[in-house]
Amino acid sequence: MTIAMTRNDDLTILDIEASPLSPLDLPPEEEMPLPDPDEMLALLNSDVILERMQAARAFCELEDERAIPRLIELLQDECPLVRVSVAYALGRNKSEKAIAPLIEQLNQDWNGYVRKGIVWALGTCRAAIGLKPLISALKYDITAVRLWAASALGQLGDIEAIEPLVEALTQDAVSAVRGNCAWSLGKLIVQKRSEFDAQDEIYHDAVDALIYALDDDDLSVQTDARNALRKLGDPRGLKVLDRIEMDQGYCEF
């Protein structure tokens, strides 16, 4: 197995052979009985890497607060396969005690798969102190991490995420990241509508960015922006959508 030892690692460099690292990347499988939690708790302390990894992955499905202290310790395991499984397990087994260790590991882990898992966990946990690390990940990390950071910021539900999401929607070179930014903007503005009115600059900037994204080179980004504008129900955005649909022949007479 070849592993790149820099923060700028390309995720394609990590050859995981037949077993993907991320539980989010696993294909659908037939439903299997859940692992025994007591057995998995014991394996978290195993000296064998594969057994620690197996146990950590088990807690991506199991919820058991007894596992949380050991999972936090394993965030610094020598093996990235263990660390990434632990990150997803902590996203499943949410605990305030895990937030600071997750952020600390995000700031220092050289492996992109691990950082991707941590970003997902922070979004799932919806901890306020995750805002700045997620914004930093959206701005500066590799593609796969930026992708999940964009979604995580939408889940976090903090109005301060709107500005960096607007910036990434208009400037990120990767269409999948831009699409996730559009989705998160729609979610955030609807959720936080009561915290600002239609005259606020931040609101106008977000709507402008979504309207701009309707002309994106990627059709999926256009779709995400269109869906976000529909959710918002902003008159200016709806007017643009109606004009586009009329130009494309979708208007009903």
Side-chain angles (χ1 to χ4, degrees), residues 24 91 94 99 102-103 106 116 118-141 143-248 250-251:
L24 302 181
K94 302 175 183 63
I99 304 303
L102 282 166
I103 292 172
L106 176 63
K116 173 186 172 185
I118 292 173
V119 160
W120 177 84
L122 289 173
T124 301
C125 292
R126 295 179 170 85
I129 62 171
L131 176 68
K132 290 185 178 180
L134 289 174
I135 290 174
S136 179
L138 176 62
K139 288 183 176 181
Y140 304 118
D141 218 313
T143 298
V145 181
R146 297 201 311 278
L147 182 69
W148 284 103
S151 298
L153 285 168
Q155 291 178 294
L156 207 60
D158 193 314
I159 196 171
E160 291 187 27
I162 292 177
E163 184 176 349
L165 285 168
V166 166
E167 181 180 349
L169 174 58
T170 56
Q171 297 183 17
D172 199 287
V174 179
S175 60
V177 177
R178 299 196 302 275
N180 279 10
C181 288
W183 176 87
S184 286
L185 281 172
K187 183 178 179 68
L188 268 174
I189 297 175
V190 169
Q191 184 179 358
K192 297 295 182 178
R193 192 187 300 272
S194 62
E195 296 186 19
F196 49 79
D197 59 43
Q199 305 304 315
D200 287 347
E201 182 178 356
I202 189 173
Y203 177 86
H204 279 289
D205 289 346
V207 173
D208 286 345
L210 289 168
I211 291 174
Y212 176 83
L214 294 173
D215 290 324
D216 195 276
D217 293 336
D218 190 280
L219 289 176
S220 65
V221 179
Q222 295 179 26
T223 300
D224 288 326
R226 183 180 294 111
N227 291 339
L229 287 168
R230 289 290 186 197
K231 282 184 182 180
L232 295 180
D234 177 81
R236 185 160 53 97
L238 293 177
K239 184 176 181 180
V240 174
L241 287 176
D242 289 343
R243 187 182 71 244
I244 291 174
E245 292 180 356
M246 183 175 293
D247 290 344
Q248 293 177 342
Y250 295 150
C251 183

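Quick caveat, the model's predicted, so the values are computed rather than measured. Just so you know, these numbers use all the heavy atoms, side chains as well, and skip hydrogens, waters and symmetry mates. Starting from 1, each residue takes its place in the sequence as its number.
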Check whether any side-chain heavy atom of [X] lies under 4.5 Å from a side-chain heavy atom of [Y], and answer yes or no.
X: K116; Y: L147; answer: no
X: R146; Y: T143; answer: yes
X: L232; Y: L210; answer: yes

Practice task
Carefully, step by step, assess D172 and C181 under the rule side chain to side chain contact (heavy atoms under 4.5 Å, CB included).
Solution key: CA-CA 10 Å; D172 199 287; C181 288; over 6 Å; no
Provide the closest heavy-atom pair for [X] versus [Y] in the form atom of the first, atom of the second, distance.
X: N180; Y: A150; result: CB-CB, 3.7 Å
X: L156; Y: A127; result: CD1-O, 3.2 Å
X: G186; Y: A228; result: CA-CB, 3.8 Å
X: L229; Y: L238; result: O-CD2, 4.1 Å
X: A225; Y: A213; result: CB-CB, 3.7 Å
X: G157; Y: L188; result: CA-CD2, 3.5 Å

Handout entry: Qualifying side chain to side chain donor-acceptor pair (under 3.5 Å) pairs with a residue from residues 213-223, counting only residues at least two apart or across chains
Key =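 Of all non-adjacent pairs touching residues 213-223, those that pass side chain to side chain donor-acceptor pair (under 3.5 Å) are S175-D218, R178-D216, D218-S220.
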Test item: [X] side-chain N/O and [Y] main-chain N/O as donor-acceptor pair under 3.5 Å:
X: T170; Y: A209; result: no
X: R126; Y: Q155; result: yes
X: D158; Y: E160; result: yes

Quick check for you: to the nearest 0.5 Å, what is the distance between [X] atom [atom1] and [Y] atom [atom2]?
X: L169; Y: D208; atom1: CG; atom2: CG; result: 11.0 Å
X: I162; Y: I202; atom1: CD1; atom2: CD1; result: 4.5 Å
X: E167; Y: D205; atom1: CD; atom2: CG; result: 11.5 Å
X: L131; Y: I159; atom1: CG; atom2: CD1; result: 11.5 Å
X: L134; Y: L153; atom1: CG; atom2: CG; result: 5.0 Å
X: I135; Y: E163; atom1: CD1; atom2: CD; result: 8.5 Å

Practice task
Please say whether more than 12 non-hydrogen atoms of neighbouring residues, nucleotides or ligands are located less than 6.0 Å from CD in Q191.
Solution key: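 Yes, because the 6.0 Å sphere around CD of Q191 holds more than 12 heavy atoms from other groups.
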Exercise for the section: Please lay out, stage by stage, how V145 and I118 fare under the test side chain to side chain contact (heavy atoms under 4.5 Å, CB included). Expected result: CA-CA 9 Å; V145 181; I118 292 173; over 6 Å; no
